[in-house]
Chemist: 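To start, I am sharing the structure in question, which I have written as structure tokens.
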Amino acid sequence: MKVVVLRGDGIGPEITTQALRALTALAPDVEIEEHLFGARAIRATRTPLPDETLAACLAADAVLKGPIGAPEYDAADVRPEQGLLRLRAELGVYANLRPARADGIDLLIVRELVGGLYYGARGVRDDGTVFDTCEYTPAQVERITRRGFELARARGGRLTSVDKANVLETSRLWRRVTREVAADYPDVSLEDMLVDNAAMQLATTPGRFDVIVTENMFGDILSDLAAAVTGGLGLAPSASLSDDGPGIFEPVHGSAPDIAGQGIANPAAMILTAALLLEHGLGRRLEAAALDAAVQHALEQTPTRDLGGEASTEELGDAVLEALAEVPI
Ligand code: NAD
Ligand code: IPM
Ligand code: MN
């Protein structure tokens, strides 16, 4: 099996080092192949997603990706984020799973990842108007909401579909399709919720949610909020999956340029992302569970600065490896 590693920018390389230590300890037989991506790729090749990198990702069993992005490119014509959107589209990873857990909270955001505002028509008209458009086909909505029902069925049996159907045409399509798909899942309870209310309830009563399924932009914003109420971005992993090809495994957070290079970033989100890769990308459930448990243990014993502790990036990585040595697989 082969995993392509894209270390990314900012804190990406530092936290990826720690994730790779855990991954190679648990899956020493897996081949690791690193490629250029993001701002580093722009500097070296003038494009964020070089052809070689894309070909390697398409041929891999899974892609482990650090965060990308750098302030110097935030409003440039060629941006790291364009490479990420293209990579997601090329791999067809339409289902982005973003779990958030803490005391009394165990929720999963299922974010549509290759449609909506991120991929709709955009441009500038002669009069100077600038536009981005939100588009969804019924088939795009059906496959992601079906994924939401499947995941809810395997967990607590409750699905919250988040939209803005009181304003948006795409949200009314979303609601219609969700209700049709619901007929195949009589064992799952479905509720519709408007996105503004969903943000409020995530902030005040996050424990009420099981699985949330939503479109691309709402899922982006709500998943940072879900991370914030469950310990912060330093703990939030994600898995981006298609139906059969390689998935992209990446933390929810960005490249954190404000703390990059200082050795103080929390690598937990990236290590937990490696756990999701073991489970969904390589089908190694036992190793994934062991890594998850090792990270929880390490965080309790050796918290990083974002959690009020003092551990460095590397010290948390050390603690995870020590805990792994003690957990039976
Ligand atoms: P960010 O997520 O990088 O940082 C937000 C805040 O959270 C910062 O204060 C940062 O220090 C902190 N933080 C994030 N991850 C942390 C960690 N592991 N440990 C400790 N603290 C952490 O968001 P931003 O500053 O808005 O974005 C920076 C860049 O990242 C932008 O270029 C953006 O496009 C990019 N970005 C990339 C991804 C991705 O690759 N998937 C995701 C989000 C943002
Ligand atoms: C995320 C990020 C990306 C997104 C950016 C970097 C394009 O914020 O993965 O949450 O908006 O999808
Ligand atoms: Mn985001």
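The first residue in the sequence is number 1, and the count goes up from there.
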Chemist: Kindly work out whether a path of hydrophobic side-chain contacts (I/L/V/M/F/W/Y, heavy atoms less than 4.5 Å apart) joins Val252 to Ile248.
Modeler: no

Chemist: Keeping Ser255 on the side-chain end and Pro257 on the backbone end, is there a donor-acceptor pair under 3.5 Å?
Modeler: no

Chemist: If I compare all heavy atoms of Tyr73 with all of Val78, which pair ends up nearest, and what's the gap?
Modeler: CD2-O, 3.8 Å

Chemist: Within the 4.5 Å heavy-atom criterion, are Arg175 and Asp163 side-chain neighbours or not?
Modeler: yes

Chemist: Quick one: are Val141 and Leu173 in side-chain contact, heavy atoms under 4.5 Å?
Modeler: yes

Chemist: Quick one: does Val93's side chain get under 4.5 Å of Leu241's, heavy atoms only?
Modeler: no

Chemist: Check whether any side-chain heavy atom of Val181 lies under 4.5 Å from a side-chain heavy atom of Glu142, and answer yes or no.
Modeler: yes

Chemist: Does Gln140 form a side-chain contact (heavy atoms from CB on, under 4.5 Å) with Ile144? I'd like the steps, not just the answer.
Modeler: CA-CA 7 Å; Gln140 277 180 313; Ile144 188 66; over 6 Å; no

Chemist: Is the Lys NZ or Arg CZ of Arg122 less than 6.0 Å from the centre of Phe131's six-membered ring, within 45° of the axis?
Modeler: no

Chemist: Answer yes or no: does atom CG of Asp243 have more than 12 heavy-atom neighbours from other residues, nucleotides or ligands under 6.0 Å?
Modeler: yes

Chemist: Whether Arg284 and Glu279 form a salt bridge (side-chain N of Lys/Arg under 4.0 Å from carboxylate O of Asp/Glu) is what I want to check.
Modeler: no

Chemist: Holding to side-chain hydrogen bond (donor to acceptor under 3.5 Å, both in side chains), I want the full list of residues that pass it with Thr304, two or more places apart in sequence or in another chain.
Modeler: Asn266, Asp306

Chemist: Measure the CG-OG1 distance between Leu159 and Thr178 for me, rounded to the nearest 0.5 Å.
Modeler: 8.0 Å

Chemist: In terms of side-chain heavy atoms, does Tyr136 have a donor or acceptor partner in Glu112 at a distance below 3.5 Å?
Modeler: yes

Chemist: Just verifying a value: how many Å separate Tyr94 OH and Leu113 CG, rounded to the nearest 0.5 Å?
Modeler: 11.5 Å

Chemist: Search all heavy atoms of Ala199 against all heavy atoms of Leu225 and return the closest pair with its distance.
Modeler: O-CD2, 3.4 Å

Chemist: What distance separates Cys57 SG from His35 NE2, expressed to the nearest 0.5 Å?
Modeler: 7.5 Å

Chemist: Keeping Ser238 on the side-chain end and Glu250 on the backbone end, is there a donor-acceptor pair under 3.5 Å?
Modeler: yes

Chemist: With no hydrogens and no angle check, is any side-chain donor or acceptor of Arg111 less than 3.5 Å from a backbone partner on Asn216?
Modeler: yes

Chemist: Answer with yes or no whether the side chains of Ser223 and Arg98 bring together a donor and an acceptor at under 3.5 Å.
Modeler: yes

Chemist: Do Arg285 and Asp292 meet the salt-bridge criterion of a basic N to acidic O distance under 4.0 Å?
Modeler: no

Chemist: Is it the case that the side chain of Arg86 and the backbone of Leu54 share a donor-acceptor pair, with hydrogens and angles ignored and the cut-off at 3.5 Å?
Modeler: no

Chemist: Are Ile271 and Ile15 joined in one hydrophobic group, where the rule is that I, L, V, M, F, W and Y side chains link up if heavy atoms are under 4.5 Å apart?
Modeler: yes

Chemist: Does any N or O in the side chain of Thr133 come within less than 3.5 Å of the main-chain N or O of Ala121, such that one atom is a donor and the other an acceptor?
Modeler: yes

Chemist: side-chain contact (heavy atoms from CB on, under 4.5 Å) between Glu310 and Glu315: does it pass, once the steps are laid out?
Modeler: CA-CA 9 Å; Glu310 283 175 3; Glu315 282 163 352; over 6 Å; no

Chemist: Between the side chains of Glu169 and Arg172, is the shortest nitrogen-to-carboxylate-oxygen separation below 4.0 Å, so that they form an ion pair?
Modeler: yes

Chemist: To the nearest 0.5 Å, what is the distance between CG on Leu222 and CG on Leu107?
Modeler: 10.0 Å

Chemist: Search all heavy atoms of Asp9 against all heavy atoms of Ala39 and return the closest pair with its distance.
Modeler: OD2-N, 2.8 Å

Chemist: What distance do Glu180 atom CD and Thr145 atom OG1 have between them, rounded to the nearest 0.5 Å?
Modeler: 9.5 Å

Chemist: Given the rule that I, L, V, M, F, W and Y join up when any side-chain heavy atoms are under 4.5 Å apart, are Leu272 and Ile11 in one cluster?
Modeler: yes

Chemist: If you measure from CD on Glu215 to NZ on Lys164, what distance do you get to the nearest 0.5 Å?
Modeler: 12.5 Å

Chemist: Compare all side-chain heavy atoms of Val320 with those of Leu291 and state whether any distance is below 4.5 angstrom.
Modeler: yes

Chemist: Glu52: which residues meet the side-chain hydrogen bond (donor to acceptor under 3.5 Å, both in side chains) condition with it, sequence neighbours left out?
Modeler: none

Chemist: Given 3.5 Å as the limit, does a donor-acceptor pair link the side chain of Thr17 with the main chain of Pro13, or not?
Modeler: yes

Chemist: Go through Met193 and Gln201 one step at a time and tell me if the side-chain contact (heavy atoms from CB on, under 4.5 Å) criterion holds.
Modeler: CA-CA 10 Å; Met193 191 178 285; Gln201 299 214 32; 3.9 Å; yes

Chemist: Consider only side-chain N and O atoms of Glu135 and Tyr119, and report whether a donor and an acceptor are under 3.5 Å apart.
Modeler: no

Chemist: If Ile, Leu, Val, Met, Phe, Trp and Tyr residues are connected whenever their side-chain heavy atoms lie under 4.5 Å apart, and connections chain through other members, are Leu235 and Leu233 in the same group?
Modeler: no

Chemist: Taking atom types as modelled, is there a side-chain donor on Asp132 or Tyr118 under 3.5 Å from an acceptor on the other?
Modeler: no

Chemist: Give me the atom names and distance for the closest heavy-atom approach of Ala22 to Leu321.
Modeler: CA-CD2, 3.9 Å

Chemist: Does the ring of Tyr185 carry Arg153 above it, NZ/CZ under 6.0 angstrom from centre and within 45° of its axis?
Modeler: no

Chemist: Between Glu72 and Arg79, does any NZ, NE, NH1 or NH2 come within less than 4.0 Å of an OD or OE carboxylate oxygen?
Modeler: no

Chemist: Around Asp51, counting heavy atoms of other residues, nucleotides and ligands shown, do more than 12 lie under 6.0 Å from its CG?
Modeler: no

Chemist: Checking the side chain of Thr24 only, and the main-chain atoms of Leu20 only, is there a donor and an acceptor separated by less than 3.5 Å?
Modeler: yes

Chemist: Any side-chain heavy-atom pair from Met270 and Gln18 closer than 4.5 angstrom?
Modeler: no

Chemist: Could you check whether any side-chain N or O of Thr45 sits under 3.5 Å from a backbone N or O of Ile42, counting only pairs where one atom can act as donor and the other as acceptor?
Modeler: no

Chemist: Using a 3.5 Å distance criterion without hydrogens, assess whether the side chain of Thr230 forms a donor-acceptor pair with backbone atoms of Ala226.
Modeler: yes

Chemist: Is Leu26 close to Arg21 at the side-chain level, that is, under 4.5 Å between some pair of heavy atoms?
Modeler: no

Chemist: Please evaluate residues Leu64 and Thr273 with respect to the criterion side-chain contact (heavy atoms from CB on, under 4.5 Å), reporting the C-alpha separation (whole Å), side-chain torsions for both, the decisive distance (0.1 Å), and the verdict.
Modeler: CA-CA 8 Å; Leu64 181 66; Thr273 293; 4.0 Å; yes

Chemist: Applying the 4.5 Å side-chain criterion to the ILVMFWY set and letting contacts propagate, would Leu168 and Met217 be lumped into a single cluster?
Modeler: no

Chemist: Quick check: closest heavy atoms across Pro251 and Ala269, and the distance to 0.1 Å?
Modeler: CB-CB, 4.0 Å

Chemist: Using every non-hydrogen atom in the two residues, find where Leu23 and Leu277 come nearest and quote the distance to one decimal.
Modeler: CD1-CD2, 4.3 Å

Chemist: Quick check: does any side chain N or O of Gln82 sit under 3.5 Å from a backbone N or O of Asp77, one acting as donor and the other as acceptor?
Modeler: yes

Chemist: Answer yes or no: is there a side-chain heavy-atom contact under 4.5 Å between Asp187 and Phe149?
Modeler: no

Chemist: Applying salt bridge (Lys or Arg N to Asp or Glu O under 4.0 Å) between Asp106 and each of Arg158, Arg155, Arg101, report the one that passes.
Modeler: Arg155

Chemist: Under 6.0 Å from the CG atom of Asp126, do we count more than 12 heavy atoms belonging to anything else shown?
Modeler: no

